[in-house]
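Keep in mind it's a predicted model, so treat the numbers as computed, not measured.
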Amino acid sequence: MSTTGVTADPLATLGSLPGVADSVETVRKAVDRVYGHRIMRRRSNAVTSEAALRGARGSAALSGADWALEEVRRRTDFSADAEARVVGGALRLTAEAGQLLSIWRQSPLRVLARLHLVAAASEGPETGRPRQAGEAVDEPLVELPLPDAPEVSGRLEGLADLIIAGSAAPALVTAAVVHGELLALRPFTSHNGLIARAAERIVLIGSGLDPKAVCPAEVGHAELGRAAYLAALEGYASGTPEGMAAWIAHCGRAVELGARESTAVCEALQRGAA
């Protein structure tokens with residue numbers, strides 16, 4: 001979605017695409033079911049913590065480190081190998097996302113730079129800034145054509161302008177566009193998938209749709225599978241109304257599944273089994 005120089009509200013326009021309103025309504029009902037659960041009145045912090053762990057596991061799985069939940073839960077060293085570093089990055093990003101909500105609406109590019117620093121956990125010259133001409137991108141699971149550095153810069157600025165200006169679009173639409181645009185652009189030399197999903201999380205929380213972060217979309221994206229995720233992303237990258245609507249619906253289904261996961265956590269807590 002090219003946003004450079006746009007003065008209208010293209011996000012709100014996307015909200016009127018066929019089927020998007022239905023997705024928005026279905027997501028709202030799924031989220032409301034979680035928040036209406038009796039356990040949320042007494043133990044919402046426990047649900048939030050478990051959702052964060054499961055969300056990080058799901059995001060790491062989509063980036064090639066598909067670990068069992070209990071392995072993520074018990075592991076303390078995330079530096080041993082490439083997969084461990086991916087899982088560690090996902091956990092750090094999930095923890096960091098909640099700390100960046102107040103900055104996101106004023107300076108989204110600053111937040112994205114911070115997310116890359118947290119994910120990479122290194123001090124290389126390419127860390128914490130968009131990639132420059134000639135720099136390679138380590139994102140082997142996404143095979144879309146890679147935009148060049150000038151296009152990345154322009155589209156990031158356009159996306160940031162939209163976020164700062166605000167939109168009448170539903171939170172799901174904004175979250176889906178942020179997620180899709182970052183993954184299509186792959187603006188950093190590494191960890192773009194983890195960052196895109198963390199940014200989606202920030203939008204869903206900060207918008208008020210999921211203020212307690214108990215509906216981890218990352219869980220749903222992982223459950224739907226990498227093939228479906230990448231196919232939906234291709235629809236977003238196509239820029240066609242049908243492709244954009246399909247991507248938004250895919251993201252909506254992911255939030256629904258995340259909500260279902262946390263509903264199960266609430267039921268387990270209520271039974272005293274978790």
Side-chain angles (χ1 to χ4, degrees), residues 23 26-63 65-76 78 86-102 104 111 115 118-119 171-172 174-176 178-179 193-225 229 250-274:
S23 293
T26 301
V27 165
R28 168 54 67 187
K29 289 179 179 177
V31 173
D32 285 348
R33 280 195 293 273
V34 179
Y35 279 82
H37 198 286
R38 60 190 300 180
I39 207 72
M40 288 291 293
R41 294 193 293 271
R42 298 181 286 112
R43 301 190 64 184
S44 64
N45 288 343
V47 181
T48 296
S49 296
E50 187 64 19
L53 184 73
R54 296 181 185 216
R57 193 218 73 82
S59 189
L62 287 167
S63 286
D66 192 1
W67 288 13
L69 179 63
E70 292 310 313
E71 176 67 9
V72 178
R73 197 189 302 280
R74 74 166 188 82
R75 183 74 73 95
T76 57
F78 294 97
V86 168
V87 175
L91 288 166
R92 291 191 300 272
L93 285 176
T94 300
E96 188 77 7
Q99 310 303 313
L100 298 171
L101 297 173
S102 62
W104 175 254
V111 169
L115 292 176
V118 170
L172 172 64
T174 302
V178 167
H179 183 171
L194 296 180
I195 291 167
R197 292 183 288 275
E200 179 185 46
R201 168 181 284 267
I202 288 171
V203 174
L204 293 172
I205 299 170
S207 67
L209 176 64
D210 182 20
K212 294 183 182 292
V214 296
C215 301
E218 306 96 324
V219 168
H221 286 304
E223 185 173 337
L224 291 167
Y229 181 67
H250 186 88
C251 291
R253 181 59 179 152
V255 177
E256 288 179 60
L257 292 171
R260 187 182 70 180
E261 184 89 352
S262 285
T263 299
V265 170
C266 288
E267 294 293 329
L269 287 169
Q270 187 166 284
R271 295 192 304 269

State which residues pass side chain to side chain contact (heavy atoms under 4.5 Å, CB included) with [X]; sequence neighbours excluded, sorted by chain then number.
X    : result
Q99  : none
L101 : I202, I205
A198 : L93, L115

Take atom CZ of R74 as the centre, draw a 6.0 Å sphere, and report whether it contains more than 12 heavy atoms from other residues, nucleotides or ligands.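 For R74, atom CZ is crowded (more than 12 foreign heavy atoms under 6.0 Å).
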Closest approach of [X] to [Y] (non-hydrogen atoms, all atoms of both residues):
X    : Y    : answer
G36  : R41  : O-NH1, 4.3 Å
P216 : G55  : CB-CA, 3.9 Å
L269 : A46  : CD1-CB, 4.2 Å
V203 : A171 : CG1-O, 4.0 Å
V87  : A65  : CG2-CB, 3.8 Å
S63  : L194 : OG-CD2, 3.7 Å

Answer yes or no: is there a donor N or O on one side and an acceptor on the other, between the side chain of T48 and the main chain of A213, under 3.5 Å?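 No, the answer is negative, given that no donor and acceptor are paired below the 3.5 Å cut-off.
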Does the R197 side chain pair with the main chain of E218, one donor and one acceptor, at a distance under 3.5 Å?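 Checked: no pair found.
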Let me confirm one number: the [atom1]-[atom2] distance from [X] to [Y], rounded to the nearest 0.5 Å.
X    : Y    : atom1 : atom2 : answer
C251 : H179 : SG    : NE2   : 6.0 Å
Q270 : E267 : CD    : CD    : 5.5 Å
R43  : C266 : CZ    : SG    : 10.0 Å

Kindly write out the residues that satisfy side-chain hydrogen bond (donor to acceptor under 3.5 Å, both in side chains) with W104, not counting sequence neighbours, or none if the list is empty.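 Not a single residue meets the side-chain hydrogen bond (donor to acceptor under 3.5 Å, both in side chains) criterion with W104.
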Taking side-chain hydrogen bond (donor to acceptor under 3.5 Å, both in side chains) as the definition, give me every residue that meets it alongside R33, ordered by chain and number, with sequence neighbours left out.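 Checked R33 against side-chain hydrogen bond (donor to acceptor under 3.5 Å, both in side chains); zero matches.
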Do [X] and [Y] come within less than 4.5 Å of each other through their side chains, counting heavy atoms only?
X    : Y    : answer
S207 : T174 : no
V219 : L257 : no
R57  : E70  : no
R201 : S59  : no

Please assess S44 against V214 for the test side-chain contact (heavy atoms from CB on, under 4.5 Å), listing each intermediate value before the final yes or no. CA-CA 8 Å; S44 64; V214 296; 5.8 Å; no
Any ion pair linking E96 and R92 (charged N to carboxylate O, less than 4.0 Å)?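 The answer is no: the pair does not qualify as a salt bridge.
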Any salt bridge between R73 and E50, counting N to O under 4.0 Å?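 Result for this pair is yes, salt bridge flagged.
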Show your reasoning for whether side-chain contact (heavy atoms from CB on, under 4.5 Å) applies to V34 and K212. CA-CA 11 Å; V34 179; K212 294 183 182 292; over 6 Å; no
Do any pairs count as a ring pair (Phe, Tyr, Trp, His ring centres under 6.0 Å) and have a residue in residues 37-60, sequence neighbours left out, and if so which ones?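 Checked against ring pair (Phe, Tyr, Trp, His ring centres under 6.0 Å) - neighbours excluded - no pair reaches residues 37-60.
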Passes side-chain contact (heavy atoms from CB on, under 4.5 Å), L204 versus C215? Steps please. CA-CA 9 Å; L204 293 172; C215 301; over 6 Å; no
Should the ring pair F78 and W67 be called parallel, tilted or perpendicular, given that the plane angle runs from 0 to 90° and is split at 30 and 60?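 Geometry flag for W67 against F78: parallel rings.
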What orientation do H250 and H221 show, parallel under 30°, tilted 30 to 60°, or perpendicular over 60°?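 Ring orientation, 0 to 90° scale: parallel.
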